[in-house]
Amino acid sequence: MALSFREALGSCLAAIPPGRVTTCGLVARTLGDVRAARSVATWILEHPDIPGAHRVVRADGRPVAPSAAGGLAREGVRLRGGRVAESRFLESLSGAAVLEDLRETQRRLAQRVEEVDDGKELGTFGGVDVAYAGDRAFAVAVRLDARTLETIETCERAVDVDFPYIPTYLAFREYPAVRAALEGLRERPDLLFVDGHGRLHPALFGFACYAGVQLDLPTVGIAKHPLAGKLVPSAPRMLGAIPVEMDGVVRGFAWTPPRASRPFYVSVGHRISLERALREAQRSTRTRYPEPLLVADRITKEERDKKNTERSASG
DNA sequence: GCGACAG
DNA sequence: ATCTTGTCGC
């Protein structure tokens, strides 16, 4: 059965015997992917009450939790120079490899991605983005007129998140909030822009693909930073954009808008061709980033700050 | 071969 | 993404 991140981490920590410690890297490998090491540390820092959290250390032996010294001392573990001796480190750990399961889910769903579109005119562009305040996610979905780029409608939803940010697993953190916001729109957009990569992903299944397949909606992935693939500046440009290849296949483009200082990355999410994804991304851009994502990003931060103010005002 | 890695 | 001081440019 599928375990949540929280439960899987809990079972990992419960498997560390008193008097021993484990590195973030080993916890991450046990969860199924070493690239989650930093996320494990962040999660423990932000959830200091997790049982066993005091037994997690960095590679150099420094405990992750600032208050770990007391719990370790009660188990006979002394800190020397703020570090736990390597002789205390566990070499292996048992636990549920949830990230392996999620990667398998990505690979399976990746086969459903359709990289062709129906060629129809697009009346509206959608955009989704999420801001965070601790475990609270503030998601916004917007729908814009594709010709004028004027905002037609917006929808905000706040939901609790229970999955950390882990590179290449972004969808599992953001999708629930994004879906909730999209469901509140009166009409679905003809094409949805997602803040994150599409097929430019190690499993060819970034957040934009995940959202597209789950929603059965045409999507385009837009990202500010590279994740997978390599730029090929020597290759012929497409509409002024530099191809990004993975294993010799062009999976995306890096495009710098006319007055912008840096490029953004475009790739297919679902139900669209790569060339058209680039063309629509360019058509939707007025300044430095596709307008639907700028609008969603702005509202998302306004909502978060508004809710935070209300919360502190009411005690 | 290994580490880094969207938001 | 968020945090956060200082710094730069319009």
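Numbered from 1 within each chain, the chains take letters A, B, ... in sequence-line order.
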Counting any heavy atom closer than 4.0 Å, what does [X] reach on the DNA or RNA strands: base, sugar-phosphate only, or nothing?
X: A228(A); answer: nothing
X: H197(A); answer: base
X: Y132(A); answer: sugar-phosphate
X: P202(A); answer: nothing

message = Whether R108(A) engages the ring of F205(A) as a cation-pi pair (distance to the six-membered ring centre under 6.0 angstrom, angle to the ring normal within 45°) should be assessed.
response = no

query = Under the ring-ring contact (aromatic ring centres under 6.0 Å, His included) rule, what pairs show up with a residue in residues 241-261 of chain A, not counting sequence neighbours?
reply = W255(A)-F264(A)

Do [X] and [Y] sit within salt-bridge range, that is, some charged N less than 4.0 Å from a carboxylate O?
X: E75(A); Y: R55(A); answer: yes
X: D297(A); Y: K301(A); answer: yes
X: E303(A); Y: K306(A); answer: yes
X: D117(A); Y: R276(A); answer: yes

request  = Taking only the side-chain nitrogens and oxygens of Y165(A), find out if one of them lies under 4.0 Å from OP1 or OP2 of dA6(B).
outcome  = yes

ask   = Which dot-bracket notation, 5' to 3', represents the base pairing of DNA chain C when pairs are defined as Watson-Crick or G-U with both distances under 3.5 Å, crossing pairs as [ ], and inter-strand pairs as |?
value = ..........

